[in-house]
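See structure below.
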Amino acid sequence: MSDHIRIVLVNTTHPGNIGGVARAMKNMGVSDLCLVEPKSFPHPDADARASGATDILEKARVVSTLDEALADCGLIFGTSARERHIPWPLVNPRELAAIATPLEGKARVAILFGREDRGLTNEELQRCHHHVHIPAVESFSSLNIAAAVQVITYELRMAQVVDQQAARPQWGTDWDIELAEQRELELMFEHLERTLVEIEFLDPNNPRQLMPRLRRLLQRAVPDKVEVNVLRGILTAIERRSGQVKKDKSDV
């Protein structure tokens, strides 16, 4: 079982798709399902499509915000079918499995799936360390959510069954500190943005793409808990120094 893998569905419209996802998950030994504001759930259509995987639906957690779904996750993948304005680290399902499988027992991994008609928003994708793209044929590349979940969970299952002994953490060694959870990263990004505005490096009226690019930079590093605390300590020191400089200037 891949107990550290969480499948997150965002604003799913059709309850039958939720049932199809539950069945795909159970086929491949994944049981943690989180639903962010589904249009209709629970629903008989979900139960019917689950076809023997209703236990996944019964345990599914329904939340009102993406923050709630990701708060305790240390690594986040967002499914994306198209190129974005700002390029992001991009992997295929097999590469996702190679990164995520060795983290069992070390960090919870979330895989996000968006709305049936338009996927995930840019803001939602910016919460992710990596984007994952299923390389379907270009002439007909749109996959049903359940089919997409099946492809990705299959690769996770194969990484467990076939290559478990050869699996290595993505850093090439066992890490000494737990990865920072998403709630810790979000607090850090809020702190960073506040500090950059304070020192007048970031203009809130003309932010351009500064914060998304800084998110990409820091999330690409996949920081651990100590590293996040160090960064926040630096930001606090900058805030204190900035406040002292402003106070000294006001005394002149």
Side-chain angles (χ1 to χ4, degrees), residues 2 4-12 17 21 24-25 28 30 32-36 65-67 69-103 107-138 140-159 169-171 179-186 188-189 208-223:
S2 300
H4 68 306
I5 302 295
R6 174 175 297 160
I7 300 298
V8 180
L9 306 186
V10 180
N11 298 152
T12 310
N17 285 334
V21 166
M25 291 171 61
M28 299 300 155
V30 179
D32 188 351
L33 175 62
C34 187
L35 309 173
V36 181
T65 68
L66 187 57
D67 283 337
L70 302 179
D72 62 342
C73 296
L75 192 66
I76 302 166
F77 294 86
T79 53
S80 180
R82 63 187 189 276
E83 292 185 2
R84 302 288 167 162
H85 179 65
I86 299 178
W88 218 263
L90 184 67
V91 297
N92 62 41
R94 191 157 299 175
E95 292 166 332
L96 178 158
I99 294 169
T101 300
L103 294 177
R108 185 168 299 283
V109 176
I111 307 171
L112 311 188
F113 296 83
R115 302 149 191 86
E116 289 96 330
D117 58 344
R118 61 188 187 280
L120 296 165
T121 66
N122 287 335
E123 182 180 6
E124 290 161 350
L125 281 165
Q126 286 167 10
R127 301 291 183 91
C128 304
H129 297 88
H130 302 276
H131 295 171
V132 57
H133 174 67
I134 298 173
V137 295
E138 293 182 6
F140 195 60
S141 60
S142 177
L143 274 75
N144 173 272
I145 294 177
V149 170
Q150 190 76 81
V151 169
I152 290 175
T153 54
Y154 167 80
E155 292 294 348
L156 288 164
R157 177 67 177 160
M158 289 299 292
Q170 59 180 321
W171 300 275
L179 297 184
E181 294 178 348
Q182 184 65 16
R183 58 183 155 221
E184 295 167 319
L185 287 178
E186 289 306 315
M188 182 191 68
F189 285 124
R208 299 181 183 272
Q209 294 289 336
L210 179 62
M211 287 309 299
R213 289 185 182 279
L214 288 174
R215 273 185 173 271
R216 180 178 65 174
L217 168 65
L218 294 169
Q219 289 181 161
R220 195 163 68 236
V222 194

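Looking at every heavy atom in both residues, Pro93 comes nearest to Ile134 through CG-CG1, 3.8 Å. Glu116 and Asn11 make their closest contact through OE1-O, 4.2 Å (heavy atoms, listed as atom of the first residue, atom of the second, distance). Pairing each heavy atom of Ala159 with each of Ala97, the nearest pair is CB-CB, 3.9 Å. Residue Leu179 comes nearest to Gly74 through the heavy atom pair CD1-O, 3.9 Å, listed as atom of the first residue, atom of the second, then distance. Across all non-hydrogen atoms, the minimal contact from Val10 to Glu124 is CG1-OE2, 3.7 Å. Considering every non-hydrogen atom in both Thr79 and Leu120, the closest pair reads O-CD1, 3.5 Å.
Atom CZ of Arg94 is surrounded by 12 or fewer heavy atoms from other residues, nucleotides or ligands within 6.0 Å.
Salt bridge Arg215/Glu123: absent, no basic N to carboxylate O contact under 4.0 Å. With salt bridges taken as basic N to acidic carboxylate O contacts below 4.0 Å, none links Arg108 and Glu181.
To the nearest 0.5 Å, atoms SG (Cys73) and CG (Leu185) are separated by 11.0 Å. Within the model, atoms CD1 of Ile111 and CG of Leu9 stand 11.0 Å from one another, a figure rounded to the nearest 0.5 Å. Here the straight-line distance linking atom CG of Leu96 with atom CD1 of Ile5 works out to 7.0 Å at 0.5 Å rounding. Here Trp88 contributes atom CH2 and His130 contributes atom NE2; the two are 11.5 Å apart, rounded to the nearest 0.5 Å. One finds the CD1 atom of Ile76 at 10.5 Å from the NE2 atom of His131 (value rounded to the nearest 0.5 Å). Here SG of Cys128 is found 8.0 Å from CD of Gln182. Values are rounded to the nearest 0.5 Å.
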List the steps and the verdict of side-chain contact (heavy atoms from CB on, under 4.5 Å) for Val149 and Val30.
-> CA-CA 10 Å; Val149 170; Val30 179; over 6 Å; no
Trace of the side-chain contact (heavy atoms from CB on, under 4.5 Å) decision for Arg6 with Cys34 = CA-CA 7 Å; Arg6 174 175 297 160; Cys34 187; 4.0 Å; yes
From CA spacing to verdict: side-chain contact (heavy atoms from CB on, under 4.5 Å), Ile7, Thr153 = CA-CA 9 Å; Ile7 300 298; Thr153 54; 4.3 Å; yes
Going through the distances and angles, do Met188 and Leu218 end up as a side-chain contact (heavy atoms from CB on, under 4.5 Å)?
-> CA-CA 10 Å; Met188 182 191 68; Leu218 294 169; 3.9 Å; yes
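Side chains of Met28 and Gln150 form a contact here, defined as non-hydrogen atoms less than 4.5 Å apart. Using a 4.5 Å heavy-atom threshold, the side chains of Pro212 and Gln209 count as touching. The shortest side-chain heavy-atom distance between Arg127 and Glu186 falls under the 4.5 Å cut-off. Looking at Gln219 and Phe189, their side chains come closer than 4.5 Å, going by heavy atoms from C-beta outward.
Test Ile152, Val21, Val8, Thr12 against Phe113 for side-chain contact (heavy atoms from CB on, under 4.5 Å) and you get one pass: Ile152.
A search for side-chain hydrogen bond (donor to acceptor under 3.5 Å, both in side chains) contacts involving Gln126 returns nothing, not counting sequence neighbours.
Using a distance-only test at 3.5 Å, with no hydrogens or angles considered, no donor-acceptor pair links the side chain of His4 to the main chain of Ala107.
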